[in-house]
Undergrad: 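Structure in structure tokens, see below.
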Amino acid sequence: MSKLAVEKAAGNTPTGPDPKHRKPLGQRVREFVVDYRRQWEIQSMIIPGIIFMIIFCYIPIYGLTIAFKNYTVIDTLATAPWVGLENFRIILSDKYFWDAVVNTLGISFLKLGIGFVIPIILAIMIYELNSGRFKKFVQTVSYLPHFLSWIVLGGMLITWFSTTGLFNQILLSLGLISQPQNILLDAGKYWWIATLSDIWKEAGWGTILYLAIMSKIDPTYYEAAKIDGASRLRQIWNITLPNMRSIISLNLILTVSGLLGSNLDQTLVLMNSQNREKAEVINSYVYRMGMSQGDFSYATAVGLGVSIVSVILLVTANKITSKLNDNQSVL
């Protein structure tokens, strides 16, 4: 009996090809050329995408060497003097950088705790609507803020939160305040303003994937549950949410990996001299150090460090969610 037959009988069938029987490299290349010629029209469609990625994603990686140099505008990447880890040492002792880290994590955790759950709840509420016209109306209204830039939405918020704006007029009419105040000038309230305004803009758009998954759920599951006397909430808990588990896990992984990447557009629009203490995030700090002050090496070092931490968070979140999904990774 052959070795392969013995392994099959023992239930240890190898999952991959036997290295001893792997095709020679020349033969694999010839087979690839033959397959490419057979489907050259379809295969050629990905060439522009590959070229784009090489030019804009891979070649710029060489620019990360700036983080280990003392680079100025009069230098080139080759002539700038090496300083080793000096930029990273400065980062660890920079008070303003750590203030930006605290603000970034504070805003990101608020968005994770509130903004991650609301699209799921909103998607379930839209899915449970019986009226088709009303469902489309709710979807359209909830999607609309996503298509407006933060320049437009930021201008609206600045106007609404001013002393003569809509928000103060409502609070005054309800008797909740006695004197109008510009809320955007209050640094202590900025985290909540950034979180709630981001939810307002993106919650509706975030329901698209969830609604797509729910539309594929077999309706016979719900019919069987109704026959068994299950309530609407019980059907959601036992049928809808379990079928959404994979996409929820994927969104959770991507959200956790982006904890250090707070919204730069939102920050640049809503931040001012009065709330900068609580509004400055890592992205805006990097932008200010690199573009405004011209310290390109320091800004690159900060960005590189954030990217490394984000990759670690991505891998960790993937490991944790795979454990919760019977060791099945969603990535």
Side-chain angles (χ1 to χ4, degrees), residues 96 99-126 128-129 131 134-208 210 251 255 258-285 287-288:
Y96 298 104
D99 289 342
V101 171
V102 172
N103 293 334
T104 302
L105 292 177
I107 296 173
S108 295
F109 276 115
L110 283 175
K111 291 180 179 179
L112 177 63
I114 303 175
F116 181 77
V117 178
I118 287 182
I120 300 175
I121 298 175
L122 181 60
I124 294 175
M125 293 174 64
I126 294 174
E128 292 292 326
L129 290 175
S131 175
F134 185 65
K135 180 183 293 187
K136 292 180 179 179
F137 173 76
V138 173
Q139 287 180 281
T140 303
V141 172
S142 61
Y143 293 169
L144 183 59
H146 171 79
F147 297 99
L148 301 178
S149 69
W150 269 112
I151 301 298
V152 176
L153 292 181
M156 295 168 60
L157 292 174
I158 292 172
T159 302
W160 290 348
F161 289 145
S162 66
T163 54
T164 59
L166 175 65
F167 192 77
N168 274 287
Q169 295 301 318
I170 294 175
L171 294 180
L172 286 171
S173 63
L174 295 175
L176 298 178
I177 59 174
S178 58
Q179 293 292 333
Q181 56 178 339
N182 193 325
I183 300 177
L184 276 175
L185 299 181
D186 188 348
K189 296 182 175 66
Y190 179 81
W191 287 8
W192 286 104
I193 294 174
T195 301
L196 296 178
S197 61
D198 187 77
I199 293 173
W200 168 49
K201 185 177 188 297
E202 301 296 343
W205 185 255
T207 63
I208 291 180
Y210 299 127
N251 282 343
T255 303
L259 284 176
L260 297 180
S262 189
N263 195 325
L264 176 61
D265 294 341
Q266 179 191 38
T267 303
L268 293 179
V269 172
L270 299 181
M271 183 171 61
N272 54 58
S273 59
Q274 299 297 317
N275 64 19
R276 183 182 296 273
E277 176 186 356
K278 293 294 185 179
E280 185 84 273
V281 294
I282 295 177
N283 285 343
S284 62
Y285 181 73
Y287 174 82
R288 183 162 59 86

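Residues take their numbers from the sequence shown, with the count starting at 1.
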Undergrad: Compile the donor-acceptor pairs under 3.5 Å between side chains in residues 169-178 and protein atoms, sequence neighbours left out, one pair per line.
TA:
{"residue": "S173", "atom": "OG", "partner": "Q169", "partner atom": "O", "Å": "3.2"}
{"residue": "S173", "atom": "OG", "partner": "I170", "partner atom": "O", "Å": "2.7"}

Undergrad: What's the separation between atom CG in N103 and atom CE in M271, rounded to the nearest 0.5 Å?
TA: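 Result: 10.0 Å between the selected atoms.
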Undergrad: Sequence neighbours left out, what passes ring-ring contact (aromatic ring centres under 6.0 Å, His included) with W205? Give chain and number order.
TA: H146, F147
Undergrad: Just to verify, what does L144 make a side chain to side chain contact (heavy atoms under 4.5 Å, CB included) with, not counting sequence neighbours?
TA: none
Undergrad: Are W150 and L264 close enough, and set up right, to give a side-chain contact (heavy atoms from CB on, under 4.5 Å), and what steps lead you there?
TA: CA-CA 10 Å; W150 269 112; L264 176 61; over 6 Å; no
Undergrad: Report yes if some heavy atom in the side chain of N283 is under 4.5 Å from a heavy atom in the side chain of T267; otherwise report no.
TA: no
Undergrad: Is any side-chain heavy atom of N275 closer than 4.5 Å to one of L185?
TA: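 A side-chain contact under 4.5 Å is absent here.
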Undergrad: Between atom OG1 of T104 and atom CG of N263, what is the distance when rounded to the nearest 0.5 Å?
TA: 11.5 Å
Undergrad: Distance check, rounded to the nearest 0.5 Å: I107 atom CD1 versus L112 atom CG?
TA: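 Result: 13.5 Å between the selected atoms.
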Undergrad: Y96: which residues meet the side-chain hydrogen bond (donor to acceptor under 3.5 Å, both in side chains) condition with it, sequence neighbours left out?
TA: none
Undergrad: Output every pair passing side-chain hydrogen bond (donor to acceptor under 3.5 Å, both in side chains) with a member in residues 108-124, not counting sequence neighbours, ordered by first then second residue.
TA: K111-Q266
Undergrad: Closest heavy-atom contact between K135 and I126?
TA: CE-O, 3.0 Å
Undergrad: Any non-hydrogen side-chain atom of Y143 less than 4.5 Å from a side-chain atom of I208?
TA: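 They are in contact (side-chain heavy atoms under 4.5 Å apart), so the answer is yes.
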Undergrad: Please name all residues satisfying side chain to side chain contact (heavy atoms under 4.5 Å, CB included) with Q181, sequence neighbours left out, ordered by chain then number.
TA: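 Side chain to side chain contact (heavy atoms under 4.5 Å, CB included) list for Q181, sorted by chain: N168.
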Undergrad: Checking T255 side chain against N251 main chain: does a donor-acceptor pair fall under 3.5 Å?
TA: yes
Undergrad: What are the two closest non-hydrogen atoms of S162 and T159, and how far apart are they?
TA: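 Taking every non-hydrogen atom into account, OG-O, 2.8 Å.
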Undergrad: Within a strict 4.5 Å, meaning less than it, do heavy atoms of the I124 and T207 side chains meet?
TA: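 No - every pair of side-chain heavy atoms lies 4.5 Å or more apart.
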Undergrad: I want to check something: taking the side chain as every heavy atom from C-beta on, are L153 and K201 in contact at a cut-off of under 4.5 Å?
TA: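 Yes, at least one pair of side-chain atoms sits under 4.5 Å.
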Undergrad: Taking all heavy atoms of L122 and all of G204, pick out the closest pair and write down the distance.
TA: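 Smallest interatomic distance, heavy atoms only, reads CD2-CA, 4.0 Å.
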Undergrad: Does any non-hydrogen side-chain atom of D99 lie less than 4.5 Å from one of E277?
TA: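 Answer no - side chains too far apart.
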Undergrad: Does anything in residues 178-202 form a ring-ring contact (aromatic ring centres under 6.0 Å, His included)? List the pairs, not counting sequence neighbours.
TA: W160-W200
Undergrad: How close do T163 and N182 get, counting heavy atoms only, and between which atoms?
TA: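 That closest heavy-atom pairing would be CG2-N, 3.8 Å.
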Undergrad: How would you list, by chain and number, every residue that makes a ring-ring contact (aromatic ring centres under 6.0 Å, His included) with Y210, sequence neighbours excluded?
TA: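 Applying ring-ring contact (aromatic ring centres under 6.0 Å, His included) to Y210 gives none.
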Undergrad: Can you name the nearest heavy-atom pair linking I158 to V269, along with the distance?
TA: CD1-O, 3.9 Å
Undergrad: For the residue pair P180 and T164, establish whether any side-chain heavy-atom pair is separated by less than 4.5 Å.
TA: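 With C-beta onward as the side chain, the pair stays apart.
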Undergrad: Does the side chain of V141 come within less than 4.5 Å of F137's, by heavy atoms?
TA: yes
Undergrad: Show every salt bridge (charged side-chain N to carboxylate O under 4.0 Å, His left out) that has at least one partner inside residues 170-196, sequence neighbours left out.
TA: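 Sorted result for residues 170-196: D186-K189.
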Undergrad: Report the residues that fulfil salt bridge (charged side-chain N to carboxylate O under 4.0 Å, His left out) with D265, sequence neighbours left out, ordered by chain and then residue number.
TA: none
Undergrad: What residues, two or more places apart in sequence or in another chain, satisfy salt bridge (charged side-chain N to carboxylate O under 4.0 Å, His left out) together with E128?
TA: R232
Undergrad: Could you work out, with ring-ring contact (aromatic ring centres under 6.0 Å, His included) as the rule, every residue matching F161, not counting sequence neighbours?
TA: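 ring-ring contact (aromatic ring centres under 6.0 Å, His included) list for F161, sorted by chain: F167.
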